[in-house]
Amino acid sequence: TFGKYSTALGLWIYDLLAGVPSEDKRKMLSKRRTLEIEPLLPSNTLKGSGLYAEYRTDDARLTTEIIKTAIDLGADCINYIHAEDFIYTGEKISGIVIRDKLTGKEYNIISKTVVSAAGPWVDDIRAINHSKEGKTLHLTKGVHIVVPHEKLPVKHSIYFDVPDGRMIFAIPRGRVTYIGTTDTDFFGSKDEVRTSLKDASYLIDAVNLAFPSISLTIGDIQSSWAGLRPLINQPGKKTFEISRKDEAFVSHSGLISIAGGKLTGYRKMSLKIVNLVSRLLKSEYNITSGKCRTRLIRLSGNSFKGSRGVRTYIELVSVSMKEYGLKPLMARYLVQNYGDKTDLILSLMDHHPVTDPELRLIMAELQYCIQNEMIVSGTDFMIRRTGRLYFDIDSVKKYEETILSVMAREFEWSPKRLIEERNKLEMEIYHATHFE
C-alpha cells in the first residue's frame with residue numbers, strides 16, 4: 001500500500017507524536033537489508049522496509065497492572081461483581097446494587113458519581129438506566145490465531161495488508177507466532193465471542209498470500225482468541241471505516257459512560273473521564289479533587305528506564321533461568337508478563353523444590369497470582385494472568401490438574417466446585433482450538 005517516501009514520512013510522524021527515544025526511532029532499510037533480517041518476505045515484490053518501535057500489549061496483563069496500580073494509590077477494587085441496578089435519590093443516581101457472582105449475595109454501594117467503562121456492555125448499562133438514546137454502539141469482532149513459531153518463523157513483528165484493505169500483523173512471541181486481527185460486524189451474544197472457521201481461514205489465507213514460501217493450514221493453529229470493539233455507530237460506513245474515536249455520554253440522571261476508543265488511548269480516555277468527574281464533584285458538592293494525574297503515574301511493575309532497561313533486566317533474569325534449568329526465553333516471558341515483579345516470582349521458586357523446572361516456575365507464578373492478583377479460578381490464572389492458554393497451550397494441558405488441585409486446597413473448594421472449574425477450563429481449551 002505504501003511507498004518508500006510515504007512510509008518514511010508516516011513513521012517519522014509516528015516517532016514524533018509518540019515521543020519515541022532516539023535509540024528506537026525508525027530506520028528505512030533497503031531491499032537487501034530487509035531480506036537479511038526477514039528472509040520470508042517476497043523478494044519479487046519487496047522494495048524495502050521501515051523498521052520502527054512499537055510496544056506489544058497484552059490487554060489482560062495491562063488491565064491487571066492498572067488495577068494493582070490503582071490499589072497502590074488507595075482505590076478499592078472488587079473482582080467478580082455484577083451491576084444489577086442503580087440506586088437513585090430523586091432522579092439522580094446515588095449508587096449501584098451489585099451481586100457477588102461467587103456467593104450470590106447483593107450489596108449496595110453508595111457514591112456521588114457513577115462511571116460505566118463497560119466496553120461492549122455500555123449500552124446494556126445505559127438501558128438499565130433508561131438512558132440508551134442518541135448514539136449507540138456498533139460492535140465488531142477481532143480474532144487472533146496462534147501457530148508454532150517454526151511454522152511462521154518471523155524475527156520481528158511484521159505488518160502487511162490484504163486485498164480488502166485490512167491491516168494484519170504477524171507477531172513472534174516465544175515458541176509461537178500470533179496473527180491478527182479481523183474486523184467483522186458482530187450481533188451475537190457478548191458472552192460467547194468465538195473464533196469461527198471463516199475467521200481462521202481469512203487469517204491463514206492472508207499469511208499465505210503475504211509470505212509465498214509459507215503454507216499454513218487450519219491444522220497448524222494451536223490456539224486462538226476473539227474479542228469485541230465497542231465502536232460508536234456511524235450509519236452507512238463499512239466496519240473498518242468506522243472511527244475509533246472515544247466519546248463520553250452523561251445521562252439525565254448523572255450516569256457517565258465512556259465508549260469507543262482504542263486500547264492505546266486508554267490514558268487519554270481516563271484523562272477525559274477523571275477530569276469530568278472532578279468538575280462534577282466541584283460544581284455539585286464543592287469537593288476539590290484536582291485534575292487527572294495519569295501522566296505522572298508509572299504502572300505497577302515498571303521501574304525501567306526505556307526499552308534498554310527492559311532488555312538489560314531480561315538478560316539478568318536469563319541467568320537465573322539457567323540456574324533453575326529453564327530456557328532463556330522464559331525470562332522474556334516473565335518480564336513481559338510481570339515486569340520487575342519477576343524478582344518476587346523467582347524468590348517463590350525456592351518454595352517449590354520440585355524436579356520439573358517448568359512446574360516449579362508455574363507453581364511460583366500461581367502463588368504470586370494468588371497473593372497479588374486476585375485470582376479465584378483456573379481460567380483466571382491460565383488465561384487472564386499468564387496467557388498460557390493462548391501462547392503455551394501445551395503447558396495448560398500438562399499442568400491443569402496440578403494447578404486446580406493446588407487452588408482447591410488454597411480456596412477450600414468442594415469436590416463439586418473442583419469439577420466445575422475443570423469443566424470451565426476444558427471448555428476454554430476446546431473453544432480456543434476448535435472452529436465452526
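Along the sequence shown, residues carry numbers from 1.
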Does Gly378 offer a backbone N or O that forms a donor-acceptor pair with the side chain of Glu421 under 3.5 Å?
yes
Taking everything shown except Lys322 itself, do over 12 heavy atoms lie less than 6.0 Å from its NZ?
no
Residues Glu373 and Lys68 bridged, charged N to O under 4.0 Å:
yes
Does some side-chain heavy atom of Ile98 sit less than 4.5 Å from a side-chain heavy atom of Ile109?
yes
Leu137 backbone acceptor or donor facing Asp123 side chain under 3.5 Å
yes
Using every non-hydrogen atom in the two residues, find where Ile171 and Ser157 come nearest and quote the distance to one decimal.
CG2-OG, 3.4 Å
side-chain contact (heavy atoms from CB on, under 4.5 Å) evaluation trace for Lys190 with Asp124:
CA-CA 11 Å; Lys190 292 184 283 294; Asp124 299 59; 3.3 Å; yes
Have Ser307 and Asp24 got a donor and an acceptor in their side chains that come within less than 3.5 Å?
yes
Quick check against the 3.5 Å criterion: does Ser278 have a side-chain atom that pairs as donor or acceptor with the backbone of Val274?
no
Is there a donor-acceptor pair closer than 3.5 Å between any side-chain N or O of Lys151 and the backbone N or O of Ile221?
no
Is there a donor-acceptor pair closer than 3.5 Å between any side-chain N or O of Ser283 and the backbone N or O of Arg279?
yes
Could you tell me if the side chain of Tyr202 sits less than 4.5 Å from the side chain of Val143, heavy atoms only?
no
Is it true that, when you exclude Glu412 itself, more than 12 heavy atoms of the residues, nucleotides or ligands shown sit nearer than 6.0 Å to its CD?
no
Strictly below 4.0 Å, N to O, side chains only: are Lys424 and Glu420 in salt-bridge contact?
no
Measuring from atom CD of Glu106 to atom CG of Asp85, what distance do you get when rounded to the nearest 0.5 angstrom?
9.0 Å
How close do Thr386 and Asn337 get, counting heavy atoms only, and between which atoms?
O-ND2, 3.1 Å
Examine distances only and state if a side-chain atom of Ser111 and a backbone atom of Thr113 form a donor-acceptor pair shorter than 3.5 Å.
yes
Tell me whether Arg26 contacts the main-chain N or O of Ala53 through its side chain, where contact means a donor paired with an acceptor under 3.5 Å.
no
Give a yes or no on this: more than 12 heavy atoms of other residues, nucleotides or ligands lie within 6.0 Å of atom CZ of Arg56.
yes
Nearest heavy-atom approach of Ser116 to Leu255 is CB-CD1, 4.1 Å
For Arg308, look at atom CZ and say whether over 12 heavy atoms of other residues, nucleotides or ligands are found less than 6.0 Å away.
no
Do Asp392 and Tyr333 get their side chains close enough for a donor-acceptor pair, meaning under 3.5 Å?
no
Please walk me through it: do Arg422 and Glu401 pass side-chain contact (heavy atoms from CB on, under 4.5 Å)?
CA-CA 8 Å; Arg422 183 183 296 114; Glu401 284 303 324; 2.7 Å; yes
Just checking, is any N or O donor in the side chain of Arg173 or Gln336 under 3.5 Å from an acceptor N or O on the other one?
no
For the pair Arg126 and Glu133, find out whether any cationic side-chain nitrogen is under 4.0 Å from an anionic carboxylate oxygen.
no
Could you label the plane-to-plane angle of the Tyr52 and Tyr14 rings as parallel, tilted or perpendicular, counting under 30° as parallel and over 60° as perpendicular?
perpendicular
CG of Asp164: more than 12 outside heavy atoms within 6.0 angstrom?
yes
Do Lys198 and Thr182 have side chains that approach each other closer than 4.5 Å (heavy atoms only, starting at C-beta)?
no
Do the side-chain N and O atoms of Asp199 and Ser196 include a donor-acceptor pair separated by under 3.5 angstrom?
yes
For the side chain of Asn233 and the backbone of Thr136, is there at least one donor-acceptor N/O pair under 3.5 Å apart?
no
Which residue pairs pass the ring pair (Phe, Tyr, Trp, His ring centres under 6.0 Å) test with at least one member in residues 62-86, sequence neighbours excluded?
none
Side chains of Tyr88 and Asn129 in contact at under 4.5 Å (non-hydrogen atoms)
yes
Under the criterion side-chain contact (heavy atoms from CB on, under 4.5 Å), which of His149, Glu150, Gln222 is the partner of Thr177?
His149
For His252, is there any backbone N or O sitting under 3.5 Å from a side-chain donor or acceptor partner on Lys92?
yes
Which heavy atom of Ile168 sits nearest a heavy atom of Ala206, and at what distance?
CG1-CB, 4.5 Å
Could you give all pairs that pass the ring pair (Phe, Tyr, Trp, His ring centres under 6.0 Å) test and reach residues 279-313, with sequence neighbours left out?
Phe304-Tyr313
Pair Tyr368 + Tyr338: ring centers closer than 6.0 Å:
yes
Taking CZ in Arg332 as the centre, count heavy atoms belonging to other residues, nucleotides or ligands within less than 6.0 Å. Is the count above 12?
no
For residues Lys327 and Met321, determine if any side-chain heavy atom of one lies less than 4.5 Å from a side-chain heavy atom of the other.
no
Do Arg244 and Asp183 sit within salt-bridge range, that is, some charged N less than 4.0 Å from a carboxylate O?
yes
Which heavy atom of Cys77 sits nearest a heavy atom of Ala70, and at what distance?
SG-CB, 4.3 Å
Smallest separation among heavy atoms of Leu228 and Pro120, with atom names
CB-CG, 3.9 Å
Mark yes or no for whether Arg166, through its side chain, and Thr181, through its backbone, hold a donor-acceptor pair below 3.5 Å.
yes
Tell me whether Lys135 at atom NZ has more than 12 heavy atoms from other residues, nucleotides or ligands lying less than 6.0 Å away.
no
Heavy-atom check, side chain of Arg229 versus side chain of Lys262, under 4.5 Å
no
Evaluate the side-chain proximity of Glu436 to His431: yes if any heavy-atom separation is below 4.5 Å, no if none is.
no
Positive for side-chain contact (heavy atoms from CB on, under 4.5 Å) with Ile145, one of Val176, Ile204, Leu216, Asp220
Ile204
Should we count CH2 of Trp121 as having more than 12 external heavy atoms under 6.0 Å?
yes
Option from Val154, Ile158, Ile179 for which side-chain contact (heavy atoms from CB on, under 4.5 Å) with Val207 holds
Ile179
side-chain contact (heavy atoms from CB on, under 4.5 Å) assessment of Thr63 paired with Tyr266:
CA-CA 10 Å; Thr63 302; Tyr266 81 94; over 6 Å; no
Run the side-chain contact (heavy atoms from CB on, under 4.5 Å) test on Ile375 and Met407 for me, step by step, so that the C-alpha distance in whole Å, both residues' side-chain angles and the decisive distance to 0.1 Å come before the verdict.
CA-CA 10 Å; Ile375 66 170; Met407 295 189 73; 4.0 Å; yes
If you define the side chain from C-beta out and look only at heavy atoms, does anything of Val146 sit under 4.5 Å from Ile393?
no
Taking only Lys NZ, Arg NE, NH1 and NH2, and the carboxylate oxygens of Asp or Glu, determine whether Lys245 and Glu247 approach each other closer than 4.0 Å.
no
Do His156 and Glu38 have a side chain donor and acceptor closer than 3.5 Å?
yes
If a pair satisfies salt bridge (Lys or Arg N to Asp or Glu O under 4.0 Å) and one of its residues is in residues 360-369, list it, with sequence neighbours excluded.
Asp350-Arg360, Glu365-Arg388
Stepwise, does the side-chain hydrogen bond (donor to acceptor under 3.5 Å, both in side chains) test hold for Thr294 with Arg267?
CA-CA 7 Å; Thr294 186; Arg267 289 206 189 219; 3.2 Å; yes
